[in-house]
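The structure presented is a predicted model; accordingly, all values stated were derived computationally and were not measured.
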Amino acid sequence: MIYMYVGLAGMLGSILRYWIGISLFVENVFPYSTLACNLAGSFVLAWLTTIGFKRIYVSSELTAAIGTGFVGSFTTFSTLSVETVDLFNKGHLVLGILYIILSMIGGLLFSRLGFRIAKEELAS
């Protein structure tokens, strides 16, 4: 049954990510929509695993569905990789390097922010 929950949540996360991709930042060379999804997902997963699932009782099935299914499909490393190579192939070397740096360091910083905010909420 857990596979169904993860799959359904994954479907919702991928649909949301696709909608963001076709709705926001469409006419840009730089892949802002993927960056925004990956940074938001980094924050949300850190926050959820620190406080969100601890504040109220959430079953292990729902935890896996939201964390692995929804957030896992909402964020994507493969798209980051393809878009970076695409930027390089189109001659946008600086944008490609900037994209990698913003994605990696930004993801870590947004995760840290999610942990920090959750810990502050737990302390209060």
Side-chain angles (χ1 to χ4, degrees):
M1 194 64 152
I2 190 167
Y3 298 109
M4 186 176 74
Y5 296 143
V6 171
L8 289 172
M11 181 182 69
L12 295 174
S14 61
I15 288 170
L16 179 60
R17 192 206 166 298
Y18 179 74
W19 179 81
I20 289 170
I22 63 171
S23 300
L24 304 175
F25 315 113
V26 178
E27 298 298 323
N28 291 295
V29 172
F30 192 81
Y32 290 106
S33 58
T34 303
L35 180 63
C37 289
N38 287 342
L39 295 179
S42 295
F43 174 85
V44 167
L45 188 60
W47 184 86
L48 282 173
T49 56
T50 303
I51 192 174
F53 296 131
K54 295 178 176 131
R55 186 165 272 186
I56 56 172
Y57 173 74
V58 176
S59 69
S60 60
E61 289 87 4
L62 187 56
T63 299
I66 294 170
T68 303
F70 184 82
V71 178
S73 67
F74 181 71
T75 60
T76 175
F77 186 79
S78 57
T79 302
L80 168 108
S81 301
V82 168
E83 289 172 342
T84 301
V85 171
D86 189 48
L87 285 170
F88 290 158
N89 286 340
K90 290 179 178 174
H92 301 291
L93 182 63
V94 174
L95 284 180
I97 293 169
L98 179 64
Y99 185 38
I100 293 168
I101 292 169
L102 288 174
S103 296
M104 296 300 139
I105 294 177
L108 292 170
L109 291 174
F110 271 72
S111 291
R112 177 74 178 130
L113 182 63
F115 284 124
R116 179 177 289 160
I117 288 174
K119 286 180 182 180
E120 288 173 3
E121 288 179 26
L122 283 173
S124 58

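Using modelled atom types, no side-chain atom of T68 and backbone atom of A65 make a donor-acceptor pair closer than 3.5 Å. With S14 contributing its side chain and M11 its backbone, the two residues share a donor-acceptor pair below 3.5 Å.
I105 contributes atom CD1, which lies 15.5 Å from atom CZ of R112 (distance to the nearest 0.5 angstrom). Taken to the nearest 0.5 Å, the CZ atom of R116 stands 12.5 Å off from the OG atom of S111. Put simply, CD1 on I20 and OH on Y18 are 13.0 Å apart, with the number rounded to the nearest 0.5 Å. To the nearest 0.5 Å, atom OG of residue S33 and atom CG of residue N38 are 9.5 Å apart. In this structure, CG on L45 lies 5.0 Å from OG1 on T49, to the nearest 0.5 angstrom. In this structure, CD on E83 lies 10.0 Å from NZ on K90, to the nearest 0.5 angstrom.
Relative ring orientation between Y99 and F30 is described as perpendicular, the plane-to-plane angle rising above 60° on a 0-90° scale split at 30° and 60°.
Note on L39: it clusters hydrophobically with I100, by side-chain heavy-atom contacts below 4.5 Å among ILVMFWY residues. Placement of L48 and I2 in two distinct hydrophobic clusters is found when ILVMFWY residues are connected by side-chain heavy-atom separations under 4.5 Å, directly or transitively. Criterion: ILVMFWY side-chain heavy atoms under 4.5 Å apart, direct or through other members. Under it, L108 and F115 are not part of a common hydrophobic cluster.
Shown here is Y3, whose OH atom has no more than 12 heavy atoms of other residues, nucleotides or ligands within 6.0 Å.
Under the rule for a salt bridge (Lys or Arg N to Asp or Glu O under 4.0 Å), the partners of E121 that lie at least two apart in sequence or sit in another chain are R55.
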